[in-house]
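None of the values given here were measured: they were computed from a predicted structure. Sequence lines set the chain letters: A, B, ... in the order given, protein chains first and strands last, and positions in each chain run from 1. Just so it is clear, the values below take in all heavy atoms, side chains as well, and ignore hydrogens, waters and symmetry mates.
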Number of protein chains: 2
Amino acid sequence: MPFNKITPDDISFFKTVLEEKYVLVDEENLDRCASDQTEDLRYLPEIVLQPGTTGEVSAVMKYCNDRMIPVTPRGAGTGLSGGALPVHGGVALDMKRFDKILHVDKRNFQVTTEPSVITQVLQEHLKTDGLFYPVDPASKGSCFIGGNVSENSGGPRAVKYGVVKDYVLNLEIVLPNGEIIWTGANVLKNATGYNLTQLIVGSEGTLGVITKIVLRLITAVKHDLLLLVPFRSAVEACAAVNAIFVAGITPSALEFMERDALEWSMRYVQSTGIDLPADIAAHLLIEVDGNYMDELYRDAEAISQIVQVYDIGEILFADSHEQKQMLWTLRRKVGEAVKSNSIYKEEDTVVPRAELPELLQIIKTLGKEYGFHSVCYGHAGDGNLHVNIVKGDMSDADWKTKLPEGIRKLFAEVVRMGGTISGEHGIGLVQKEYMDIAFNDVQMGLMRQIKHVFDPNGILNPGKIIKS
Amino acid sequence: MPFNKITPDDISFFKTVLEEKYVLVDEENLDRCASDQTEDLRYLPEIVLQPGTTGEVSAVMKYCNDRMIPVTPRGAGTGLSGGALPVHGGVALDMKRFDKILHVDKRNFQVTTEPSVITQVLQEHLKTDGLFYPVDPASKGSCFIGGNVSENSGGPRAVKYGVVKDYVLNLEIVLPNGEIIWTGANVLKNATGYNLTQLIVGSEGTLGVITKIVLRLITAVKHDLLLLVPFRSAVEACAAVNAIFVAGITPSALEFMERDALEWSMRYVQSTGIDLPADIAAHLLIEVDGNYMDELYRDAEAISQIVQVYDIGEILFADSHEQKQMLWTLRRKVGEAVKSNSIYKEEDTVVPRAELPELLQIIKTLGKEYGFHSVCYGHAGDGNLHVNIVKGDMSDADWKTKLPEGIRKLFAEVVRMGGTISGEHGIGLVQKEYMDIAFNDVQMGLMRQIKHVFDPNGILNPGKIIKS
């Protein structure tokens, strides 16, 4: 169905729903909402609307639905798959005013929040009440919790604590036709009808606009220990990941970084805190947490024993808050560091954990075959490896035509191993061309029809996930 | 759409797909598939089919879909909401031959299994490999893992380890039109398209027939401790539940039993192992588990301190395997014991945990108002309270007309508290009349349309979840 362009009449209507200052057509705001953190992509919306209440979102959606005006919801714009890009123009629905933590239910370990609260702000607010929301994407200092729900985000702690979907109990959403519903109930167990909540989590803003989120919380553990283990072989580092789990230990983080990742990050944040001998090929950053220090020391000791089997350098035990912070900063900044270095594409491969060594070898072999350099890092404990492909001196022609062939081959291998093409970044715009590798026509047909159930006119975040 | 009755031609076709011994029309088999564990309900199918391969399921489904013959999948028949009852006759799709554990992936902590493996058999099989699938419905000794997935089952350990949905990674299902798909990938994190896996979990066999299940597993912890705490006030027992969590302790089970529940269960299993003084109104059965005994003793000590605030009797610390077994048997047999006592209805209320004391008071008040006696027990740590309403000397007329009004009132209160009408038993046949309390027309409309996407002819397990 063809979309309509926004007219002066539409703008007049929006000004009856929202105060004038929240109806924006200036270049700066249009430009701000034209991109996210995905490569160097840029798609201008025709207008930016900043609703402040669920009722306002509802009025905007109903109007746009009736008039075939595309609407692209936008959070903090930290997405890595182009989910917030208004590829068909229309309305950028800037949710920034939904920035209130509505209710911390200390008795029930739950929080009700609006979507545009920064994840770290939410976590720190909850911490003052002794409550813990553990999911911590690398961008936690700037991303919004609503975006996390939309993408089913993960992060380092997912390996022990799970991803966003494991914490969302209930969502208030506005459907494309303007109807407002809750998807579930505020309970830990629910066997009442189809799981609409889990259908919305990870649906990348294509089925409804999230306006309230109810999360379950846990109590924070009291202690943690952090180890940095240098390996002379990156493949051995990947193999060690599984050995730790097989020994019955569940770390609270188990991160893999190729040498380049750590080196570039150190340069990016101008850190000299870590000694990086020339023969070190990769690191594992391993955290254990719990309420009793003696237990953690036992776990750390067991991990040290396990990694001794491999060809490793000297293990760094981070014993001060500052040292832990430094290591985590280096890990969190890898993505930005790589981006600052070159044009790049970031793939978000995920496989069953024990297949990581094979995955890494395949990536490097494909790199040689297709002429790309990759920097690999990520949540190894979950089998989730980020593959940052840097353009470097690859020709524009190869970057545009040859590289996608290499990526297709990589994804085909990932699927063959029982994995899939995105672990936590979502499909959005940039991965939808590859969806046929993960899903056949029957599966895609079901997804297409589910989209149609929620959004029969196809106006909500069009052009994402599913190829039209 | 009107369904068709099964004809001799249909039977001939089924005999081309299945060996003759798996096409059953004898009274004994029809009768066996006419009921489950839900009240005393009985609906005869016209035929029982026992496919042994996914291809056979596919052929049967395609045929029935083309001919508008209703198909009701059946596992072990232990359901408590009538999900396996063939209320429109037609085919009872008896999945009992899907009873093989296909592959234990020790490296990746995953198992691929067919649906008709008894849950406890699966658990014990995995245990020999040091792997742990923790979800343990009370009926684990007889229920099938496929039924657990269909109902999103819980059980005592859900409070620490989560419910079925937290372990299902991927499902092979046969759609009503005979198409065979996998719903996801064998990975711990997945942000690739809509979450079809989570949509199928808990959909009670109304969207597709599950033929293979991939579960994530964890490593078993080494130790556990079990405490039985008697309370002189049932409401205080409910209040103590929350106090334990607020203190930062997460038990591996936290079960509530009203006096009647334990007393009836003791009589039912002819146990004299527990002293039950006249002034005890309820018990909490509390388990903690972990890898280090010293930690468990600390947790048990902390719990003992917390419950001292209430009016309690003497705490029983189960210190032998036999004593633990005895206590768990008593807990697991409560349902059967109540059923053996009287005609009954079992409600499966769930609320935010801290609202349990209020819920219990409301149940008792409504009991007085509507003249019913209830025996309450269940997974208090999850806020999931089973309310067994026993008919006792209630008149047939009141049982049929007055009681449903009382249940409506109870469910309305549950929803007001942020809860919902089923925590783990599902909606199936017997709760669908109450779905309007949990969901409005918009929400039900979405569910109806999702059903239509998967099953446009409405032949798969018709008459369940959604009122026609």
Side-chain angles (χ1 to χ4, degrees), chain A residues 105 107-110 151-152 154 158 163 165-166 179 181 185-196 198-199 201-203 219 242 245 248 291-292 295 348 350-354 382-384 415 418-427 435 438-439 442-443 446-447 449-450 453-454 465, chain B residues 105 107-110 151-152 154 158 163 165-166 179 181 185-196 198-199 201-203 219 242 245 248 291-292 295 348 350-354 382-384 415 418-427 435 438-439 442-443 446-447 449-450 453-454 465:
Chain A
D105 182 350
R107 295 163 65 239
N108 285 304
F109 294 10
Q110 294 180 7
E151 302 297 319
N152 191 18
V163 294
K165 82 169 172 54
D166 303 311
E179 295 276 7
I181 62 164
N186 299 357
V187 288
L188 296 171
K189 297 164 77 175
N190 196 333
T192 310
Y194 300 141
N195 200 332
L196 299 180
Q198 292 291 334
L199 190 56
V201 174
S203 66
T219 46
N242 211 46
F245 286 92
N291 282 325
Y292 303 113
E295 182 183 338
D348 179 35
V350 58
V351 293
R353 186 163 52 216
D382 288 313
N384 184 199
V415 169
T420 193
I421 69 174
S422 177
E424 57 177 24
H425 293 171
I427 299 305
M435 278 290 268
F439 295 114
V442 179
Q443 295 156 319
L446 290 173
M447 291 193 196
Q449 289 179 75
I450 289 168
V453 165
F454 284 80
I465 303 180
Chain B
D105 182 349
R107 295 161 66 238
N108 284 304
F109 294 10
Q110 294 180 8
E151 301 297 319
N152 190 17
V163 294
K165 82 168 171 55
D166 303 311
E179 294 277 8
I181 62 164
N186 299 357
V187 287
L188 296 170
K189 297 164 77 175
N190 195 333
T192 309
Y194 301 141
N195 200 332
L196 299 180
Q198 291 292 335
L199 190 56
V201 174
S203 65
T219 46
N242 211 46
F245 285 92
N291 283 325
Y292 303 113
E295 183 183 337
D348 178 34
V350 58
V351 294
R353 187 164 52 216
D382 289 313
N384 183 200
V415 170
T420 192
I421 69 174
S422 177
E424 58 177 24
H425 293 171
I427 299 304
M435 279 289 269
F439 294 114
V442 179
Q443 294 155 319
L446 290 173
M447 291 194 197
Q449 289 178 77
I450 289 168
V453 164
F454 284 79
I465 302 181

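Only the side chain of A:Y292 comes within less than 4.5 Å of a heavy atom in chain B; its backbone stays farther off. Interface remark: A:I421 contributes backbone and side-chain atoms alike to the contact with chain B (heavy atom separation under 4.5 Å). Contacts of A:M447 with chain B are made by both backbone and side-chain atoms, with heavy-atom separations under 4.5 Å.
Side-chain atoms of B:L199 and A:Y194, non-hydrogen and from C-beta on, do get closer than 4.5 Å to each other. Side-chain contact between B:I181 and A:L446 is present, with at least one heavy-atom pair separated by less than 4.5 Å. A:I450 is not listed as a side-chain neighbour of B:Q449, based on a closest heavy-atom distance of 4.5 Å or more. Looking at heavy atoms from C-beta onward, A:N195 lies out of side-chain contact with B:N195 at the 4.5 angstrom threshold.
Across B:N291, B:V351, B:I427, the residue that shares the most heavy-atom pairs under 4.5 angstrom with chain A is B:I427. Counting heavy-atom pairs under 4.5 Å between each of B:G426, B:G383, B:A438, B:A158 and chain A puts B:G426 at the top. The candidate from A:G202, A:G193, A:A185, A:A354 with the greatest count of non-hydrogen atom pairs under 4.5 Å with chain B is A:A354. In terms of non-hydrogen atom pairs under 4.5 Å with chain A, the most contact-rich of B:V442, B:V163, B:N108 is B:N108. Comparing B:E295, B:E151, B:Q443 by heavy-atom pairs within less than 4.5 Å of chain A, the highest count is held by B:E295.
Residue A:N242 comes nearest to B:R107 through the heavy atom pair ND2-O, 2.9 Å, listed as atom of the first residue, atom of the second, then distance. Taking both residues in full, the closest heavy atoms of A:F109 and B:F245 are given as CZ-O, 3.2 Å, listed atom of the first, atom of the second, then distance. In terms of heavy atoms, A:N190 sits closest to B:T420 at OD1-CG2, 3.6 Å.
Note that the NZ atom of A:K165 and the CG atom of B:D166 stand 6.0 Å from one another [nearest 0.5 Å].
Here A:K189 pairs with B:D382, B:E424 under the salt bridge (charged side-chain N to carboxylate O under 4.0 Å, His left out) rule; sequence neighbours left out.
The closest donor-acceptor contact from the side chain of B:N152 to the backbone of A:A191 lies at 3.5 Å or more, if one exists at all. A donor-acceptor distance shorter than 3.5 angstrom exists from the side chain of A:T192 to the backbone of B:S422, with no hydrogens or angles considered.
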